[in-house]
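Inspection log for the structure reproduced underneath, given as structure tokens.
Quick note on labels: first sequence line is chain A, next is B, and so on, each numbered from 1.
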Amino acid sequence: MAQEITLKDRYGYMLWMRHFELACLEGVPTREIHGELHTGVGQEAISAGMVGFLSKEDAMCSTHRNHMHAIAKGVDLRAMLAEIFEKSTGICGGFGGHMHIFDPSLKFSATGIVGAGVPVALGHAYAARLKGNQAVAVAVVGDGAVNTGAFHEAMNMAGALSLPLVVVVENNEWAISVPFSASSATETIAERAPSWRAHGIRVNGLDVEEVANAFEAALARARSGKGPSIIEAMCYRFRGHFEGDADMYRSKEEKERRRSEDPLERTKETLVARGLATLEELNEIEKSVVASISEMLASVRKDPSPSGADATRYVFAE
Amino acid sequence: MAQEITLKDRYGYMLWMRHFELACLEGVPTREIHGELHTGVGQEAISAGMVGFLSKEDAMCSTHRNHMHAIAKGVDLRAMLAEIFEKSTGICGGFGGHMHIFDPSLKFSATGIVGAGVPVALGHAYAARLKGNQAVAVAVVGDGAVNTGAFHEAMNMAGALSLPLVVVVENNEWAISVPFSASSATETIAERAPSWRAHGIRVNGLDVEEVANAFEAALARARSGKGPSIIEAMCYRFRGHFEGDADMYRSKEEKERRRSEDPLERTKETLVARGLATLEELNEIEKSVVASISEMLASVRKDPSPSGADATRYVFAE
Amino acid sequence: MARNLNLSQCISEALHLEMERDPQVLVIGEDVGGQGGVFGATRGLQKKYGSGRVLDTPISESAITGMGVGLALEGYRPVLEIMFVDFIGVCLDQVYNAIAKNHYMSGGKVRMPIVIKTAGGCIGSGAQHSQCLWGLFAHLPGLKVVAPSNPYDAKGLMASAVESDDPVVFIEHKGLLLKRAEDFTFGSDVPAERYTVPIGKANVVREGSDLTLVTLSGTVAPSVTAAEEALKKGISVEVIDLRSVVPLDMDTVAASVKKTGKILVVDEDYLSFGLSAEVVTRLLERKISITSVKRLAVPDVPIPGALSLEQEVVPNERSISAAIAETVGKA
Amino acid sequence: MARNLNLSQCISEALHLEMERDPQVLVIGEDVGGQGGVFGATRGLQKKYGSGRVLDTPISESAITGMGVGLALEGYRPVLEIMFVDFIGVCLDQVYNAIAKNHYMSGGKVRMPIVIKTAGGCIGSGAQHSQCLWGLFAHLPGLKVVAPSNPYDAKGLMASAVESDDPVVFIEHKGLLLKRAEDFTFGSDVPAERYTVPIGKANVVREGSDLTLVTLSGTVAPSVTAAEEALKKGISVEVIDLRSVVPLDMDTVAASVKKTGKILVVDEDYLSFGLSAEVVTRLLERKISITSVKRLAVPDVPIPGALSLEQEVVPNERSISAAIAETVGKA
Ligand SMILES: Cc1ncc(C[n+]2csc(CCOP(=O)(O)OP(=O)(O)O)c2C)c(N)n1
Ligand SMILES: Cc1ncc(C[n+]2csc(CCOP(=O)(O)OP(=O)(O)O)c2C)c(N)n1
Ligand SMILES: [Mg+2]
Ligand SMILES: [Mg+2]
């Protein structure tokens, strides 16, 4: 499957991801989105690097910062955008909100509790073992999640049972205001992997190809029964932790410097440098993505809000 | 301090520990102890190896199987025995029970929740940092506790802050009926230490000198600001998980073989072989320990039960 | 054919039947496999259904409950054992933030047919090994909360719990788990075949006209005994075994209180902010007239270690008898 | 001198004063140091008292709460921040099995002067970021549970919490934390000096004669507004701000209901097995005659994501007004 995804394709996905997030931002000042919003702007290369390797049978468990992971897994963009904009047409009918994207048909789910997705992924990985199929469970987490108890418990069991679990850690070096370096006993996350009998690798999370290669290798390892992997993808969150975050804990200098290393620009340059596309061509692609998303947003905005009368449904199945 | 403790002294402590546990056993069939009882019979060399290195300023956080750890820390035997026998003269007035031995004057505490003592020890270790003194916090846990989230969270913080925390893991190869080998991703616990920037060592927990040496080194490391250590002491629990445990999960053959490796016998033989004591001398010591404990038990048995009228005290301090 | 079975046998029998009936049923937890549970309530399952479907885990309750979520998302029906309910504090997050809410948060898209099987109640062992905590689970929306009082109910309620599409917290009282079959005065004649006892339907264990005594789990038997004693003093006590805290069968309770006018709730869980106040308040909301109300529960103290203290705070036959007398004004 | 301060300023001011007064006071949690708290409620503390006493931690709530226990055993008075109360499920064990019980289990030997400082309440963000959960803590013995409704109380109650020898769960409503000083209609005139507001004493925010409305935290202000509206319709509502769930000031509530005969509990926490039933039942136990009773709370559903759904289940001015009318029989 992976062979079909070219670097240009990945760039296209990155554009969709970036502009999807930018569309979400529009809902904040208008209060169409009335709660917290966490976007992944700047971290696109990691999700785009995961595109194309996973089937419907593979699971993905994500976080509070989940939109781009969902796009990588193939979740319907419009239904997700509608959920984020609190519409009854949302993928969860508006019951979830942006931190709770569920798509059971794709085995995609998310949680707002840091670290809590990893044990859920463990369950998917164990299901693959029970079913005896080739499925893999992917958990995507931030660097902060590695220090939670849930992470350790799940990784240990995955290691002990040699389960097909791949954990992608988006190490953006910050957990809200607390720097990774101050909260981790080790300098890297990858080096911790052996303590869970996992394979660990640190990659440049701005380099979509490096991510794709590591992800492909980890999946192969998992599918062949060799057990869990941790991919630590270094990156930087371009915006505040959530929209509205004053983000005073990161220096202006740091933010400017790191934002200048834009994974989209980087990929674009590579494509042009390798002669795989012209700048004009890529700009055209971007224009069309922008147009599509803006159309989608306009359409979503016309959707109805969920009916208050339904608010007490779905507590119990019966 | 440590220099003053001879091997013969340690053997004496092992005798106290063994016979203390045997005294506790007497309370089970009589229902003087009406709840669960977990003894450490067979694991004496680990606790005896810790004797003599800790001051009042050093803390110790223990588990459901805590009696021998408390003896190592210097907790008053009679008050502890009285607590276990549910007497008002108990160290907690009978409010705690055998899993909840508290001696604040020695900074000794215990918990019945597996893994939960390690974060408490972290707090003591952080107190040492704040006070700028040389104190160390010791957490004693079983092999099963290493797989809890609490263990990971506490170890990571200890490593990140380079705190004076020494974790002694009594690896008796079983967590109730689940073998260590089936529940740990790694073959040893010691090898996991680097993932928490800790020093890790596996020792023969039947060899009191090996334990003492490792413990001394770990304390020195901690006191000099070099951060946490994990001492994995291999041992075997001679009795069921608790009194009443049918213990069918361990084969008769295994139990017999492992029980034949008695740390007390081993130490006795060493003492005699090295000419540090005669067999007669050691038997005399044992006799006097047995007599003292039996006297203590007889006396404790005469103590009153706590008064029911007090049962609603101590919920709040004010 | 009915046999004399104890509670743990009934639980394991129910699980055997469910695992046989439905290959999606799994049992996961500490000591559930090789040992068959520390109370024997999962005995024989691993031998019969293999270590894949009956998994012994490390002491990692967050992993156990979290993997239950993933397995439910995969179409399985996991029975997750938390050895003692006291330990739920290390993994409550997965229970109330995921298992209880995923159905709702997904707008009905996913189901969480999970049983949290656990042991509660006091048999000695102090503050961290003696709690009931059903009031805690009941406060959190999305969880059904079941606590059987006898072998017959245990088997039938467990069958219902496993076949339910909703998460069920299933609390087995340790005292009942250790009670011999012949010591049960009711509910130990247990059919061999599968049957269900519906979740949410209370059981009038003993009819009476002067006082409604509402209880469940370990305090049903002493309540019945106390009711028998009370009758000797001319007090006729109706004893209702709730069987579940969520749903709470207020129809049965209300019908009884309509008759007796007096309510006594006997609860081995903590007194305040729990079951007893909820029962009383719902009666009031139904405008049932009550002439006397009393709650007997653990008086908002941790369970002490020593027996002499424990007996003072955990409801037992003696304190139930006293409470009955008080409620009818004959103390 | 009284200044116009908002809630987060008051909390941080209280912590400044406590840290100055008592060198044993520590503040530990995620983002409490460098950032001064995600709501600014610990602003300036680390700069003033250093990163030893004001510690930014990894996302490790079990470590945070557990180390609080160890620090309390060392004589410190740790203020532990759990960013949102919703996250308590990952570390409830240390809170209820150690912090709440160590004093009791040690027979009074050790004290746990710990504040669990956390943010609760709904401001959007769905089922895992909008809960109150004071009913959960209140069910567990050994914890005091405080939730202020205005800046003045927040400052004084935090001072009391820190100086208390008992563990206190201190729940700051997110809506109040984000409210501007000038938008508070009461309690925003705050003295600069240290003062305490005692824990366990309710506040009659508004006197009235027809109906007793009992509430706390974020629903006090809308209750007062609804009471003002009700007066226009000739309904005189007494509004009581409980300030704390444990202890529950039933003297104040009972005195009021004696006068009005009608009780409405407004609770942003889940309806069942929580605060509202406890208040009602304790009134009954005190034999206060009640002619009308109503509970308005989150109707045992998770908090939904979309605003249109959320408004349906979280008490607000509109639903409080309707409940007032219903309780006095004018719906
Ligand atoms: C258990 C838990 N603790 C705290 C929080 C609050 N919180 C939400 S996101 C976050 C930081 C997460 O950092 P990281 O894992 O690095 O992910 P990032 O936001 O950087 O993508 C925190 C502390 C939470 N949601 N869950
Ligand atoms: C969090 C938690 N889970 C489960 C238990 C039940 N339990 C008590 S002791 C024990 C086994 C502990 O094994 P280990 O840590 O190896 O100590 P050992 O008993 O072998 O000394 C278990 C599962 C508990 N007390 N706490
Ligand atoms: Mg991060
Ligand atoms: Mg062990």
Side-chain angles (χ1 to χ4, degrees), chain C residues 61-62 86-98 100-105 107 126-128 131 133-142 145 245-246 248 265 269-282 284-285 287 290 293-295 298-305, chain D residues 61-62 86-98 100-105 107 126-128 131 133-142 145 245-246 248 265 269-282 284-285 287 290 293-295 298-305:
Chain C
E61 283 85 359
S62 293
D86 308 73
F87 312 151
I88 201 71
V90 300
C91 64
L92 189 66
D93 175 63
Q94 292 287 353
V95 176
Y96 79 125
N97 274 331
K101 291 175 183 161
N102 279 352
H103 181 60
Y104 189 84
M105 293 194 300
Q128 295 180 340
Q131 299 167 98
L133 296 183
W134 41 65
L136 181 151
F137 294 108
H139 183 57
L140 303 167
V145 183
V245 180
V246 179
L248 190 56
V265 184
D269 194 8
Y270 302 119
L271 175 74
S272 294
F273 306 91
L275 171 63
S276 56
E278 190 62 30
V279 168
V280 171
T281 302
R282 290 200 192 174
L284 221 67
E285 288 174 329
K287 305 199 193 321
I290 309 174
V293 54
K294 188 162 172 64
R295 306 191 277 169
V298 177
D300 299 333
V301 304
I303 309 294
Chain D
E61 284 84 0
S62 294
D86 308 73
F87 312 151
I88 201 72
V90 300
C91 63
L92 189 67
D93 175 63
Q94 293 286 354
V95 177
Y96 80 125
N97 274 329
K101 291 175 182 162
N102 279 353
H103 181 60
Y104 189 85
M105 294 193 299
Q128 295 180 340
Q131 299 167 97
L133 298 182
W134 41 65
L136 181 152
F137 295 106
H139 184 58
L140 303 166
V145 183
V245 181
V246 179
L248 191 55
V265 185
D269 194 8
Y270 302 119
L271 175 74
S272 295
F273 306 92
L275 170 64
S276 56
E278 190 62 30
V279 169
V280 171
T281 302
R282 290 200 193 176
L284 220 66
E285 287 174 329
K287 305 203 193 318
I290 308 174
V293 54
K294 187 160 173 64
R295 306 192 277 169
V298 177
D300 297 334
V301 304
I303 309 294

Closest heavy-atom pair and its distance - [X], [Y]:
X	Y	answer
C:Ser272	D:Arg282	OG-NH2, 2.9 Å
C:Pro141	D:Pro302	CG-N, 3.9 Å
C:Arg295	D:Thr281	NE-CG2, 3.5 Å

[X], part contacting chain C, at a heavy-atom distance under 4.5 Å:
X	answer
D:Leu248	side chain
D:Ser62	neither
D:Val293	side chain
D:Val95	neither
D:Gln131	side chain

request  = Considering only NZ, NE, NH1 and NH2 on the basic side and carboxylate oxygens on the acidic side, decide whether C:Lys294 and D:Glu285 come within less than 4.0 Å.
outcome  =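 No salt bridge links C:Lys294 with D:Glu285.
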Exercise. Are any of the side-chain heavy atoms of D:Met105 and C:Pro304 separated by less than 4.5 Å?
Worked result: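 Not in contact.
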- Check: C:Val280 and D:Val280 side chains under 4.5 Å, non-hydrogen atoms: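 They are not in contact (no side-chain heavy atoms under 4.5 Å apart), so the answer is no.
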Backbone N or O of D:Gln128 within a donor-acceptor pair of the C:Lys101 side chain at under 3.5 Å?
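Answer holds: no.
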message: Test your reading of the model: is there a side-chain donor-acceptor pair from D:Asn97 to the backbone of C:Asp86, 3.5 Å cut-off?
response: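 Yes, D:Asn97 side chain to C:Asp86 backbone: donor-acceptor pair under 3.5 Å.
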Interatomic distance, CD1@D:Ile88 vs CG@C:Asp93, rounded to 0.5 Å, equals 10.5 Å
- Hey, could you give me the CZ/CG distance between C:Phe273 and D:Asp269, rounded to the nearest 0.5 Å?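 Result: 10.5 Å between the selected atoms.
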What pairs with D:Tyr270 under ring-ring contact (aromatic ring centres under 6.0 Å, His included), at least two apart in sequence or on another chain?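 Expected list: C:His139.
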Sequence neighbours excluded, the answer for ring-ring contact (aromatic ring centres under 6.0 Å, His included) partners of D:Tyr96 is none
Original post:
Can you check side chain to side chain contact (heavy atoms under 4.5 Å, CB included) on C:Leu136 and D:Leu92, steps first, answer last?
Top reply: CA-CA 12 Å; C:Leu136 181 151; D:Leu92 189 67; 4.2 Å; yes
Sort C:Val246 into side chain, backbone, both or neither according to what part of it lies under 4.5 angstrom from a heavy atom of chain D.
->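 Only the side chain of C:Val246 comes within 4.5 Å of chain D.
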